[in-house]
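Here is the structure we will look at, set down as structure tokens.
From a predicted model like this one, the values you see are computed outputs, not experimental measurements. The analysis underlying the following values was restricted to heavy atoms, covering all of them including side chains, and did not include hydrogens, waters or symmetry mates. Residue numbering restarts at 1 for every chain, and letters A, B, ... go by the order of the sequence lines.
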Protein chains: 2
Amino acid sequence: MTSPSQRPRAIRSTAEFARYVGLSRSAVSRVLNDQPGLRASTIARVRQAMAETGFTPNAHAALLRGKPSSLIGVCLENLTTHSLVRKLSELQEFFAARGYTALVEVDRPGGSRQLVQQFLALRVQAIVFIGQFDPAVLTERIALLRRHGTPHVVVDHSSCRDAPTVTLDRGAAMEQVVSHLHGLGHRRFGLLGISGDFQTVTDRLEGLRAALARRGLEFAQCTRSLDAHHVRQSHFEFGRLLAADFARQSGRPSAFIAVNDETAAGAQLEFQRLGVRVPEEVSIVGFDNRDICQMVRPQLTSVDQQVERTARVAAEFILASIGRPLTRASLLHTIEPQLIVRGSSGPLIRR
Amino acid sequence: MTSPSQRPRAIRSTAEFARYVGLSRSAVSRVLNDQPGLRASTIARVRQAMAETGFTPNAHAALLRGKPSSLIGVCLENLTTHSLVRKLSELQEFFAARGYTALVEVDRPGGSRQLVQQFLALRVQAIVFIGQFDPAVLTERIALLRRHGTPHVVVDHSSCRDAPTVTLDRGAAMEQVVSHLHGLGHRRFGLLGISGDFQTVTDRLEGLRAALARRGLEFAQCTRSLDAHHVRQSHFEFGRLLAADFARQSGRPSAFIAVNDETAAGAQLEFQRLGVRVPEEVSIVGFDNRDICQMVRPQLTSVDQQVERTARVAAEFILASIGRPLTRASLLHTIEPQLIVRGSSGPLIRR
DNA sequence: CTGAAAGCGCTTACAG
DNA sequence: CTGAAAGCGCTTACAG
């Protein structure tokens with residue numbers, strides 16, 4: 001007796017396999033595709049032979065004939081940013097549950113421009129972009145997808161007019177933060193790391209400006225940023241350096257709004273080290289609501305991105321788009337963030 | 001003039017495309033495949049038409065003829081564990097640099113058993129497993145891959161005899177930890193969260209036992225675990241609860257070895273909250289060397305998994321395996337971890 | 001159920 | 001360079 005693992009080579013075609021089973025190619029094909037009208041014994045024979053030989057039909061032959069590929073291309077800004085990876089993870093789960101497999105590519109700046117071409121060549125049924133991309137490159141790719149009629153959605157990229165988009169309302173996030181801090185009596189705000197030429201930053205600055213204006217405050221008057229004083233290497237260290245600078249200043253802001261949780265955690269630690277109490281003397285708010293928020297004392301107030309909801313909206317949209325004609329209108333799905341209030345923010349105490 | 005985005009539909013075959021360009025299918029095909037012996041003007045015409053029409057040749061036709069797919073299947077335990085995602089990220093970067101695209105699937109417990117079958121049907125050129133899997137299922141899949149002659153490597157799964165494996169030497173990690181703490185004078189060790197029916201835990205316990213024995217210490221005598229007292233929901237909270245229990249005990253260990261950084265951070269915070277000084281009264285060592293280690297005070301001593309090296313070894317092995325006949329012998333690549341010493345561990349001070 | 005045939009879109013070897 | 005042809009492995013419609 002020859003054990004299966006000692007077989008010299010795998011069977012490579014339905015023709016060869018049909019000969020092995022002793023049936024016609026048509027019959028085998030019908031069993032493989034769960035078609036009706038076959039004797040139970042025939043089905044059993046084929047299944048048995050599949051297990052014996054490990055025969056795996058070549059998917060490319062069926063795909064060439066026009067069978068849907070069940071592939072979805074995912075183009076990511078990177079695989080290292082926590083919130084991006086979480087979105088990928090949630091999306092992948094949705095796709096897997098519906099029988100789709102994810103093709104993953106990272107759009108590195110120096111990387112191939114033909115990334116979407118590869119996806120199209122493999123006849124993916126949809127493409128998801130997650131993150132911030134060069135607007136010109138993205139627009140070009142979207143145009144290509146439109147021509148091919150391939151459904152697509154852009155997650156987390158706020159300034160794309162040509163494509164359906166699911167994006168966090170960062171303006172609303174800042175409104176929530178300002179509302180919270182303003183309600184606690186704060187009127188002067190330090191910005192920690194909210195600078196630079198990124199859309200996610202621009203959106204937040206605009207949101208801050210609007211939120212302050214709604215309360216009769218002027219952005220230039222009541223916010224201060226010392227970001228230019230330091231080079232940002234690690235977010236945490238950057239937060240520490242900024243806090244050290246602010247702690248030294250007279251008339252420093254009473255509330256600090258950070259670009260992310262790491263920066264907020266760094267600032268909080270440095271303030272505390274210098275004897276500035278949180279939240280009695282300064283309040284701090286982070287962004288992303290990562291687990292670090294619960295690992296520092298006091299725990300960090302932070303904006304939750306609602307990753308799961310974002311992924312669900314994107315997944316449902318894209319799965320519904322498959323097989324339908326592309327609509328001309330670009331749809332914007334806006335995700336409302338949620339401020340999670342914890343111990344790092346508290347009422348203003350007059351000094 | 002019709003703008004490209006208003007074209008009614010994309011060209012779907014080289015035949016149609018060749019008609020559009022006014023060349024023969026053979027000529028077009030030769031341009032697309034960068035074959036020599038073509039006039040520069042012909043190449044230019046085809047390239048121009050590609051840009052105009054957005055024509056993307058159907059990859060499945062070439063793949064059906066036997067062209068290598070440039071696909072690599074990656075089967076992950078999950079997409080939420082930080083170290084697993086980092087390995088995926090590093091691998092993806094290696095693959096992309098060599099022109100390979102990653103097909104990603106997560107092997108959820110209730111998920112499809114046909115996961116590897118799908119990869120094989122798409123004729124992936126190699127398969128990488130990352131994480132811990134059900135040994136029986138993994139063995140079955142490896143056997144299938146052997147029969148198909150598909151190169152494969154298993155990362156981070158320590159007990160697989162049938163396949164090439166790249167795995168962290170967790171025994172060596174524990175030797176490094178014990179060596180460090182023993183050198184500081186510690187003789188009684190508390191274990192934080194190092195329990196349960198996982199290979200990564202078993203390996204560490206064996207490593208601890210051996211490391212202690214080498215120093216004339218007996219595991220049962222000089223270690224203590226209170227894991228059974230609590231249900232593990234969040235690692236951080238689990239660490240806190242354990243520290244609270246240990247702090248109350250008389251004759252408590254002077255050094256604590258945690259299953260991961262979150263547990264270590266929780267324990268450190270709780271010890272400090274209860275007035276137990278770190279490292280003066282207790283030393284703490286984490287595992288994974290995550291960024292949290294640098295965000296707490298004192299900073300956490302921790303074991304670095306050498307993720308980048310792991311990924312590089314796995315990637316180089318698998319890329320070298322592609323196109324070669326499978327070797328019968330299973331190769332074990334062992335990765336040596338590196339203990340990063342920080343402020344949370346210090347010399348034993350007699351009380 | 002079988003068996004012969006067509007066709008998906010490509011690449012390639014060949015004669016001109 | 002062109003043009004006609006074969007073949008990759010599958011599915012499917014058809015006659016028996």
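- Going from atom CZ of R65(B) over to atom C1' of dT11(C) covers 3 Å, rounded to whole Å.
- Comparing G22(B) and F55(A) along DNA chain D, the residue whose closest nucleotide (by nearest heavy atom) sits nearer the 5' end is G22(B).
- Salt-bridge annotation for R108(B) and D134(B): absent, with no side-chain N of the basic residue lying under 4.0 Å from a carboxylate O of the acidic one.
- Distances shorter than 4.0 Å separate some side-chain N or O of T14(A) from OP1 or OP2 on dC10(D).
- Proximity of N58(A) to the phosphate of dC8(D): no side-chain N or O atom is located under 4.0 Å from OP1 or OP2.
- The partner of dA13(D) cannot be assigned: no Watson-Crick or G-U wobble pair with both contacts below 3.5 Å exists in any strand.
- Between L32(A) and G66(B), the residue anchored nearer the 5' end of DNA chain D, judged by the nucleotide with its closest heavy atom, is G66(B).
- The minimum heavy-atom distance between L122(B) and H60(A), with the atom names listed, is O-NE2, 2.9 Å.
- Distances shown here put a side-chain N or O of S24(A) below 4.0 Å from the OP1 or OP2 atom of dT2(C).
- Atom NE2 in H60(A) sits about 11 Å away from atom C1' in dG9(D), given to the nearest Å.
- Residue contacts shown for L63(B) are absent, as no nucleic acid heavy atom lies under 4.0 Å away.
- Within the 4.0 angstrom heavy-atom criterion, base atoms lie near S26(A).
- If you find the closest nucleotide of DNA chain C to A61(A) and to K67(B), the one lying nearer the 5' end belongs to A61(A).
- Here the straight-line distance linking atom CZ of F94(A) with atom OG of S89(A) works out to 10.5 Å at 0.5 Å rounding.
- Here dG3(C) presents its C1' atom at 13 Å from CG of L23(A), a figure rounded to the nearest Å.
- Between R25(B) atom CZ and dA13(C) atom P the separation is 16 Å, expressed in whole Å.
- The distance from atom CZ of R30(A) to atom P of dG9(D) is 21 Å, rounded to the nearest whole Å.
- N33(B) places its CG atom 15 Å from the C1' atom of dA13(C), with the value rounded to the nearest Å.
- In this entry the distance linking CD of E16(A) with C1' of dG7(D) reads 16 Å, nearest Å.
- Taking atom CG on L64(A) and atom P on dG9(C), their separation rounds to 7 Å, with Å as the unit.
- In terms of phosphate contacts, Q35(B) brings no side-chain nitrogen or oxygen within less than 4.0 Å of OP1 or OP2 of dT11(C).
- Within 6.0 Å of CD in E308(B) there are 12 or fewer heavy atoms belonging to other residues, nucleotides or ligands.
- Under a 4.0 Å N-O distance rule, the pair R141(B)/D162(B) does not qualify as a salt bridge.
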